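Here's the structure, in structure tokens; my notes come after.
Since the structure is predicted, the reported quantities are computational estimates derived from the model, not experimental observations. Excluded from the calculations below are hydrogen atoms, water molecules and symmetry mates; all remaining heavy atoms, backbone and side chain alike, are included.
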Amino acid sequence: MTAAAPPVPPGACAPPAAPAATAITRTLTPVSKVLKLCLHALLLGLLALAAGRAVADSAPRAGWVVAACALLAAVYAAGVRAPAVHSSPRAGAVWLTGLGAAWAGLLLVSPDGLWIAFPLYFLELHLLRLRWGVAAVAVTACAAIGGFLAHSSAATPGAFLGPLLGGAVAVATVLGYQALYRESERRRELIEELITTRADLAAAERSAGILAERERLAREIHDTLAQGLSSIQLLLRAAERALPEGAPALPHIAQAREAAQDNLAEARRFVRALTPPDLEHGSLAAALERLCAGGPGPRVRFSLSGRPRVLPTPYEVALLRIAQSALANVVRHARAGRAEITLTFMDASVTLDIVDDGHGFDPSSAASGSGDGGFGLPAMRSRAETLGGLFTVESAPGQGTAVAVTLPLPLEHPEHTDPVEAL
């Protein structure tokens, strides 16, 4: 980026310790390239105008005016092409000093030199930090007023208002351009974040669909195939006991029982293979403890109460999914500082409690759809009620939230034992 880039005062958008030039070294947009060319054309055009008027009017110092304009154009071109001016604030300040000295010489020999102050305003605001840039603009305006008064016998209001208003317009333009640039950057970052979030959401939906299908298949195998094989084994065992010893059918019944046993073991492997990944390497309590240990949001503590026992796969899946959904609600909506998940085993039931100290909400409005609640609570309630359980939510604005689900434990009887654990 050249030193005559568009008026973007870096001092206003960078920390005070950041160099001004490096803070604005970016790939030029089409608009900033046009502004850069316009600034070049403005300064060189004003120099040509001053030199042309001096020659056309046969001014006494026409030669000096042309020489001063040429010197100023040479210093300007040297700075534009010098790499050090782009990267070093010190080099930029030295270049501005040289431009100021050449401009002061032009002011001494021609009143038309005061118009060069306007492009100098933008250069000063561009290369210097904001506070130093504004101070340099003020000094430049005062020099322009002094140069005009030195060549004019009468002091008019325009002599003061012109340079001052020009400096004010330059400062306002630079600040406005900078504000627009920051807004454009924020929108660009927001668009990139939305694109990334959309991709993450699509991946999460695909993963959720895969997991939901795995759970459905596991539930179907558990409730149909495995239960049927378990019943067949029970019936064959009863038939085996009912037949007298040495009956010709006993070997066939034994073979049928063995086949049912093998197929039941295969069904058990299917169910375990389709178990959610969080339950593959441990118990429900271990999965809940891992859930509390990781992830952003409030501090989450897990506690276990009662004597743990092996639960059927649908029970473990339902309780884990409810805990995940409730904790996700805590992270997204509750603004809580801490939360606690408690798994309690009782004689005839198992209870899962998720409590947080967030700002709470009105459960009645969420249930009626008048709030901004989503599908989370109805989905959790449906999971619990599918297994014959009870789902409750206690909350109030400013008082936190408590979610509780209670599932009745299955009877410990062969007909009600989980086929995965049977035999």
Can any side-chain N or O of [X] pair as donor or acceptor with the backbone N or O of [Y] at less than 3.5 Å?
X: Ser325; Y: Arg321; value: no
X: Tyr121; Y: Gly133; value: no
X: Thr197; Y: Glu193; value: yes
X: Thr173; Y: Val169; value: yes
X: Trp115; Y: Leu47; value: no
X: Arg381; Y: Phe391; value: yes
X: Thr140; Y: Ala136; value: yes
X: Ser395; Y: Asp362; value: no

[X], [atom1] atom: more than 12 neighbouring heavy atoms under 6.0 Å:
X: Arg188; atom1: CZ; value: yes
X: Glu189; atom1: CD; value: yes
X: Asp200; atom1: CG; value: yes
X: Arg186; atom1: CZ; value: yes

Heavy-atom closest contact ([X] atom, [Y] atom, distance):
X: Val65; Y: Val109; result: CG2-O, 3.5 Å
X: Ala336; Y: Pro298; result: O-CB, 3.2 Å
X: Ser303; Y: Glu340; result: OG-OE2, 3.4 Å
X: Ala285; Y: Leu304; result: CB-CD2, 4.2 Å
X: Phe118; Y: Leu42; result: CD2-CD2, 3.8 Å
X: Cys292; Y: Phe302; result: SG-CB, 3.6 Å

Can you find a pair of side-chain heavy atoms, one from [X] and one from [Y], that are under 4.5 Å apart?
X: Ile145; Y: Leu164; result: yes
X: Phe361; Y: Val393; result: yes
X: Gln178; Y: Leu175; result: yes
X: Val405; Y: Arg383; result: no
X: Val75; Y: Trp95; result: yes
X: Val137; Y: Leu120; result: no

What orientation do Tyr177 and Tyr181 show, parallel under 30°, tilted 30 to 60°, or perpendicular over 60°?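 Geometry flag for Tyr181 against Tyr177: parallel rings.
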Only one of Leu284, Leu319, Thr342 passes side chain to side chain contact (heavy atoms under 4.5 Å, CB included) with Leu352, and that residue is Leu319
Positive for side chain to side chain contact (heavy atoms under 4.5 Å, CB included) with Ser305, one of Thr344, Thr351, Leu343: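 For Ser305, the side chain to side chain contact (heavy atoms under 4.5 Å, CB included) check succeeds only for Thr344.
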Which value, rounded to the nearest 0.5 Å, describes the distance between [X] atom [atom1] and [Y] atom [atom2]?
X: Asn263; Y: Glu258; atom1: CG; atom2: CD; result: 11.0 Å
X: Leu71; Y: Trp64; atom1: CG; atom2: CH2; result: 11.0 Å
X: Glu316; Y: Leu407; atom1: CD; atom2: CG; result: 11.5 Å
X: Arg335; Y: Asp356; atom1: CZ; atom2: CG; result: 13.0 Å
X: Leu387; Y: Thr406; atom1: CG; atom2: OG1; result: 12.5 Å
X: Asn329; Y: Thr401; atom1: CG; atom2: OG1; result: 9.0 Å

